[in-house]
Amino acid sequence: MGGHGGSHGRGHGHPHHGDGGHHHAPHDPGPHHHGAHQHHPSSSPGPLHRLRHLLTPHSHETADKIDPALESSARGMRALWVSLAVLGVTALAQAAVVAVSGSVALLGDTVHNAADALTAVPLGIAFVLGRRAATRRFTYGYGRAEDLAGIVIVLTIAASALFAGWTAVERLLDPRPVAHVGAVAVAALVGFAGNEWVARHRIRVGREIGSAALVADGLHARTDGFTSLAVLVGAGGSALGWQLADPLVGLAITAAIALVLRDAAREVFRRVMDAVDPALTERAEQALREVSGVREVAELRLRWIGHRLRAEVAVVVDGEVTVRQAHAVAVDAEHALLHAVPRLTAALVHADPAPVPGERDPHLALAHHLTA
């Protein structure tokens, strides 16, 4: 049974051309426009228009639709720029207080805030790359650049933890009084407010668009907020004349950074390893089982490409139906998936004929390719 849209995947981890396959490419403007890229009327936009188009979502007045993939990338970019501005101002205000107070706890918090702001750079690059069309070399596009950005973020968190820990230990060995304790306390509160706002914004947008890297960055900012409160505790201890309070709080900040490092690393590792929420897999299987003509879901694979999902599916259909009928079932199956699975932009559906007693396995010819 024939299909359209290129090669068809079938089980066992080995793609090949199969019966009844159906592939709706992400930029194929199908009748329902799921993940379809709709083009503007041809024109000659200037450099300012092109820059604005790159950094903001583009709408289409005729259908009042926004391409989901481009919109999610644009939302991610906006979240990054806003975060960069808020954290940049926060870090500059704290740095000014560090210069006059000599607080090592506030120094660690300031460095961490600055590092958190700078993580917007690799994420921004990843979001821009993710908007590029697939090529003959990068046939799935550039969405996995977000995973690389996530790794950079994890390394940045690790580096800030090492710096904060080293500075705190050095101050423990050589205690010094903290000047302008009141200013340190105010800077700590500013740090908490800025980081908590950024954390909420990044995590919310990251979850809505499916970006693990942006969620990890939000968790990073949230920990920064609590470390700022720890600086406030250290300032209180210093005000009472306890010089060791400041470096001890610095060590506590290091421990907090290590905890967020663990969570962020786990999130990014799962994404790099193509992990998906099992509930999402169950949801997709349930949607497929409800499609008329699907007797069984033989295989289902989901994977993230940046903050978008792709699916590879094998469904069992009546072996006596025509090619066109099997293809119609495959189309319906993909349509059901696109409605049921959030952020799914493409699905490759392969139809297998229901087995008949005594019939030779039609995939037997592939067996020798699959043995290690």
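Bear in mind the structure is a predicted one, so any value in this text is a computation, not a measurement.
- Under a hydrophobic clustering in which Ile, Leu, Val, Met, Phe, Trp and Tyr are joined whenever their side-chain heavy atoms come within less than 4.5 Å, directly or via other members, Phe163 and Leu155 fall into the same cluster.
- A distance of 7.0 Å separates CD in Glu267 from CZ in Arg271, rounded to the nearest 0.5 Å.
- Of all non-hydrogen atoms in Gly141 and Ala134, the two that sit nearest each other are N-CB, 3.7 Å.
- Of the inter-residue distances, the one linking Thr254 atom OG1 with Trp166 atom CH2 reads 12.5 Å to the nearest 0.5 angstrom.
- For Arg266, the CZ atom sits in a packed shell: over 12 heavy atoms of surrounding residues, nucleotides or ligands are nearer than 6.0 Å.
- Considering all non-hydrogen atoms of both residues, Ala311 and Leu302 come closest at CB-CD2, 3.5 Å.
- Legend: residues meeting side-chain contact (heavy atoms from CB on, under 4.5 Å) with Val294, ordered by chain and number and at least two apart, are Val291, Val315, Val329.
- The shortest side-chain heavy-atom distance between Leu148 and Val272 does not fall under the 4.5 Å cut-off.
- Under a hydrophobic clustering in which Ile, Leu, Val, Met, Phe, Trp and Tyr are joined whenever their side-chain heavy atoms come within less than 4.5 Å, directly or via other members, Ile203 and Val82 fall into different clusters.
- Annotation: side-chain contact (heavy atoms from CB on, under 4.5 Å) contacts of Leu172 (sequence neighbours excluded): Leu244, Pro247, Leu248, Leu251.
- Ser83 and Arg202 share a side-chain donor-acceptor pair at under 3.5 Å.
- Every residue two or more places apart in sequence or in another chain was checked for a side-chain contact (heavy atoms from CB on, under 4.5 Å) with Thr139, and none qualifies.
- Within the 4.5 Å cutoff, side-chain heavy atoms of Leu288 are placed close to those of Val313.
- Within the 4.5 Å cutoff, no side-chain heavy atoms of Glu208 are placed close to those of Pro342.
- Sorted by first then second residue, the ring pair (Phe, Tyr, Trp, His ring centres under 6.0 Å) pairs that include residues 196-216, not counting sequence neighbours, are Trp197-His201.
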Begin from the C-alpha positions of Thr281 and Asp277 and carry the test side chain to side chain contact (heavy atoms under 4.5 Å, CB included) through to its verdict.
CA-CA 7 Å; Thr281 306; Asp277 185 350; over 6 Å; no
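- Under the 3.5 Å distance criterion, the side-chain polar atoms of Gln325 are matched with a main-chain donor or acceptor of Thr322.
- A distance of 5.0 Å separates CE in Met273 from CZ in Phe269, rounded to the nearest 0.5 Å.
- Side-chain heavy atoms closer than 4.5 Å link hydrophobic residues (I, L, V, M, F, W, Y) into clusters, and following such links, even through other members, never connects Val198 to Leu261.
- Of all the heavy atoms in Gly191 and Thr90, the pair that sits closest is CA-CG2, 3.6 Å.
- Other residues, nucleotides and ligands contribute at most 12 non-hydrogen atoms within 6.0 Å of the CZ atom of Arg324.
- Taking each heavy atom of Ala284 and Leu300 in turn, the nearest pair found is CB-CD2, 3.6 Å.
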Would you please test Leu280 and Val341 for side chain to side chain contact (heavy atoms under 4.5 Å, CB included) and show each step?
CA-CA 7 Å; Leu280 203 60; Val341 181; 4.1 Å; yes
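- In this structure, CG in Leu344 is found 11.0 Å from CZ in Arg283, a value given to the nearest 0.5 Å.
- Leu129 forms part of a hydrophobic cluster together with Val121, Ile125, Phe138, Tyr142, judged by ILVMFWY side-chain heavy-atom separations under 4.5 Å.
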Run Leu106 and Thr110 through side chain to side chain contact (heavy atoms under 4.5 Å, CB included) and show every step you take.
CA-CA 6 Å; Leu106 186 59; Thr110 304; 4.1 Å; yes
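- The pair Asp274-Arg144 counts as a salt bridge, with a side-chain nitrogen and a carboxylate oxygen less than 4.0 angstrom apart.
- Interatomic distance, CZ of Arg200 versus CG of Asn195, reported as 12.5 Å (0.5 Å rounding).
- How far CD1 of Ile157 is from CG of Asp263: 9.5 Å, rounded to the nearest 0.5 Å.
- Under the 4.5 Å side-chain heavy-atom criterion for ILVMFWY residues, a single connected hydrophobic cluster contains both Leu337 and Trp304.
- In plain terms, the two heavy atoms of Arg295 and Ala354 that are nearest each other are NH1-CB, 3.4 Å.
- Cluster membership check: Val205 shares its hydrophobic cluster with Leu80, using side-chain heavy-atom separations under 4.5 Å among Ile, Leu, Val, Met, Phe, Trp and Tyr.
- Ion pairing between Arg289 and Glu285 holds under the 4.0 Å rule for side-chain N and carboxylate O.
- Contact between Ala336 and Ala287 at its shortest, heavy atoms only, is CB-O, 4.0 Å.
- The pair Arg301-Glu299 meets the salt-bridge criterion, since a charged nitrogen lies less than 4.0 angstrom from a carboxylate oxygen.
- Cluster partners of Leu259: none. The rule joins Ile, Leu, Val, Met, Phe, Trp and Tyr whenever side-chain heavy atoms lie under 4.5 Å apart, and it links nothing here.
- Side-chain atoms of Gln286 and Glu290 form a donor-acceptor pair, as typed in the model, at a separation below 3.5 Å.
- In this structure the side chain of Val276 reaches within 4.5 angstrom of the side chain of Leu309, judged on heavy atoms.
- Taking the side chain as every heavy atom from C-beta outward, Val215 and Arg207 approach each other to under 4.5 Å.
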